[in-house]
Amino acid sequence: MQFNRISVVGLGYIGLPTAAVIASRGLEVIGVDVNQHAVDTINAGDVHIVEPDLDIVVKSAVQAGRLRATIQAEPADAFMVAVPTPFKDGHEADLSYIEAAAKSIAPVLEKGNLVVLESTSPVGATEALSEWLSQYRPDLSFPQQAGDNADIKVAHCPERVLPGHVLRELVENDRVIGGMSGACSQAAVSLYATFVKGECLLTNARTAEMAKLTENSFRDVNIAFANELSIICDKLKIDVWELINLANRHPRVNILNPGPGVGGHCIAVDPWFIVSSAPEQAKLIRTAREVNDSKPVYVLEQIKAAAEQFKKPVVACLGIAFKADIDDLRESPALDITKQLCACDAEVLVVEPNIEELPAQLSELGAKLVSLESALERANTLAVLVDHKEFKSIDPNVVARKVIVDSRGIF
Ligand code: SAJ
């Protein structure tokens with residue numbers, strides 16, 4: 001299948017880098033987003049999200065006339081849907097953004113088009129997308145009706161890039177491609193071959209959906225194991241970091257790092273899609289989520305107990321991002337812990353080298369953004385919440401007289 005014009009629906013953390021990378025391969029890309037500010041920013045050659053080098057790739061694609069953003073969908077050879085899939089109350093997946101994307105592209109669909117769902121989705125979402133499209137376009141045939149002979153081809157190809165390394169991983173990672181028919185899979189492979197150097201692994205749509213959920217659940221369960229170990233070790237007065245280093249010297253053991261909880265938009269969300277599809281069966285996956293979700297409260301109590309030793313507690317929170325060396329505060333356990341600390345009887349200083357200004361939700365509570373030097377000088381209690389590179393080079397002698405709660409094991 002030949003692709004000249006690609007439409008990427010949803011220009012966020014996944015869609016925008018994908019659109020820019022495809023445009024950099026010489027194809028014409030039309031990005032569609034409901035956010036006028038995002039559309040205007042991209043058309044001006046700028047970016048509305050932070051990801052290393054993304055600004056350079058977007059600027060050059062826009063200047064070359066290969067990338068353009070719009071609110072309204074336009075005809076294309078292929079449509080890649082990369083919209084959010086959050087969960088609703090009760091942890092059930094919210095597919096309303098996918099449904100809205102279907103509604104937006106349906107009027108411009110033409111016989112021979114390919115539609116790929118990239119959003120992380122519960123099993124069955126690709127079939128639901130195809131069903132919505134067919135309801136809006138009864139004049140066209142879809143794979144659930146016509147299989148390989150359908151007018152429109154539909155596939156799932158979950159994104160699996162790591163924030164902070166998106167541009168490299170978009171090209172280098174292997175991709176799992178699950179078509180709703182063999183012909184759908186083949187069409188999707190030709191699309192991804194235009195920019196992916198990794199291998200394209202073929203399966204069906206449901207298995208591709210489950211593969212993505214499995215990857216993030218695997219990581220969540222393994223982080224939960226490390227977090228549970230850290231709590232057991234506190235009780236038994238054992239240094240969990242030394243313990244993990246020793247256990248990891250076994251050739252078949254590779255324990256991950258404990259932390260203040262699991263943040264971000266993916267690992268703390270996706271396992272719930274498995275749990276809500278199979279609540280009776282997904283016992284371990286549910287428990288892992290519960291262990292990781294309870295870790296911020298545990299760390300908060302440790303910090304409070306440490307600060308209480310002082311008449312005038314001054315707590316420096318080192319890091320509020322959801323993980324090391326990024327500026328992303330979404331679903332960050334470090335941010336939650338810092339907010340809760342503001343409600344306690346302590347002065348709260350925040351060190352976050354990756355942001356210029358504190359979010360209002362923290363500054364309104366009285367927290368102050370300060371430099372690392374100033375925090376180390378003024379605070380009597382240090383709470384290490386993120387293992388940013390700046391913190392790893394702190395001289396241990398400088399903090400020898402502070403009370404430290406080190407949730408990331410940097411000291
Ligand atoms: N974390 C720990 N200990 C660890 C590793 C991570 O506490 O040993 C915490 C981090 O601090 C962070 C959270 O887990 O709060 C998630 O961070 P992460 O680096 O594990 O993952 P994400 O959310 O940045 O990206 C994940 C990736 N999935 C896997 O590695 C299996 C990425 O490849 C996916 O594309 C992404 O989710 C996604 O979009 O689904």
Side-chain angles (χ1 to χ4, degrees), residues 223 226-245 257-263 291-324 329 332-355 358-359 361-411:
I223 298 170
N227 277 335
E228 185 166 291
L229 265 184
S230 74
I231 296 171
I232 295 170
C233 283
D234 285 347
K235 182 175 156 72
L236 301 182
K237 302 204 174 0
I238 290 169
D239 177 346
V240 69
W241 306 99
E242 185 193 359
L243 172 82
I244 290 176
N245 274 334
N257 297 314
V262 167
V291 168
N292 286 334
D293 274 353
S294 67
K295 192 70 196 292
V297 180
Y298 178 81
V299 172
L300 175 68
E301 291 308 321
Q302 283 183 315
I303 302 168
K304 283 203 237 168
E308 267 167 21
Q309 302 171 33
F310 298 95
K311 261 198 200 131
K312 281 195 172 170
V314 181
V315 183
C317 294
L318 303 191
I320 52 169
F322 90 83
K323 66 175 189 175
L329 308 184
S332 168
L335 180 68
D336 281 348
I337 291 169
T338 307
K339 274 203 278 188
Q340 302 287 336
L341 275 173
C342 290
C344 306
D345 192 16
E347 184 180 347
V348 177
L349 308 175
V350 175
V351 185
E352 180 43 79
N354 301 300
I355 62 170
L358 273 190
Q361 44 175 321
L362 265 187
S363 52
E364 279 163 8
L365 294 172
K368 288 190 196 69
L369 185 65
V370 300
S371 68
L372 181 58
E373 293 68 37
S374 155
L376 295 182
E377 207 180 285
R378 292 181 50 203
N380 43 36
T381 308
L382 294 184
V384 182
L385 300 177
V386 188
D387 45 344
H388 289 316
K389 59 180 187 304
E390 291 82 354
F391 306 152
K392 288 185 186 160
S393 49
I394 296 174
D395 178 355
N397 295 320
V398 173
V399 294
R401 293 180 43 207
K402 313 266 183 208
V403 176
I404 302 176
V405 176
D406 183 3
S407 75
R408 296 281 186 175
I410 64 163
F411 289 116

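It should be emphasised that the depicted structure is a prediction, and the values quoted were computed from it without experimental measurement. Note that the numbering runs from 1 along the sequence shown for the chain.
Pairing each heavy atom of Ala334 with each of Gly319, the nearest pair is CB-O, 3.6 Å. Closest non-hydrogen pair, Ala375 versus Ala316, comes out as CB-CB, 3.9 Å. Nearest heavy atom pair, residue Ala226 against residue Asn257, reads CB-C, 3.8 Å. In this structure, Ala379 and Lys402 approach most closely via the heavy-atom pair O-NZ, 2.7 Å. Considering every non-hydrogen atom in both Ala321 and Val386, the closest pair reads O-CG2, 3.3 Å.
We find the CZ-CG distance between Phe391 and Leu318 to be 5.0 Å, quoted to the nearest 0.5 Å. The line from CG of Asp239 to CD1 of Ile244 is 9.0 Å long, rounded to the nearest 0.5 Å. Separating the CG atom in Asp336 from the CG atom in Leu341 is a distance of 11.0 Å, to the nearest 0.5 Å. Atom OG1 of Thr338 and atom CG of Leu329 lie 10.0 Å apart (nearest 0.5 Å). One finds the CG atom of Leu335 at 10.0 Å from the CG atom of Leu385 (value rounded to the nearest 0.5 Å). Atom SG of residue Cys317 and atom CD1 of residue Ile337 lie 8.0 Å apart, to the nearest 0.5 angstrom.
Panel note: side chain Glu352, backbone Leu369; no donor-acceptor pair is recorded below 3.5 Å. Using a distance-only test at 3.5 Å, with no hydrogens or angles considered, no donor-acceptor pair links the side chain of Thr381 to the main chain of Val403. Remark: side-chain polar atoms of Ser407 are not paired, donor with acceptor, to backbone N or O of Gly259 under 3.5 angstrom. Between the side chain of Asp387 and the backbone N or O of Arg408 there is no donor-acceptor pair closer than 3.5 Å. Judged purely by atom type and a 3.5 angstrom limit, Lys323 has no side-chain atom pairing as donor or acceptor with the backbone of Gly263.
Proximity of Leu365 to Val348: side-chain heavy atoms (C-beta onward) are nowhere separated by under 4.5 Å. Between Leu358 and Ile320, some side-chain heavy-atom pair lies under the 4.5 Å cut-off. Proximity of Trp241 to Cys233: side-chain heavy atoms (C-beta onward) are nowhere separated by under 4.5 Å. Residues Leu376 and Leu382 form a side-chain contact, since some pair of their non-hydrogen atoms from C-beta on lies under 4.5 Å apart. The shortest side-chain heavy-atom distance between Leu349 and Ser374 does not fall under the 4.5 Å cut-off. Using a 4.5 Å cut-off on side-chain heavy atoms (C-beta onward), Val351 and Glu390 make no contact. Inter-residue side-chain proximity for Pro353 and Leu372 is flagged as unmet; no heavy-atom pair is nearer than 4.5 Å.
The environment of Glu377 atom CD is sparse: at most 12 non-hydrogen atoms of other residues, nucleotides or ligands sit within 6.0 angstrom. Residue Asp345 places its CG atom among 12 or fewer non-hydrogen atoms of other residues, nucleotides or ligands, all under 6.0 Å distant.
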*Would you please test Tyr298 and Asn227 for side chain to side chain donor-acceptor pair (under 3.5 Å) and show each step?*
CA-CA 10 Å; Tyr298 178 81; Asn227 277 335; over 6 Å; no
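For the side chain to side chain contact (heavy atoms under 4.5 Å, CB included) with Leu300, the lone residue among Lys295, Gln340, Lys339 that qualifies is Gln340.
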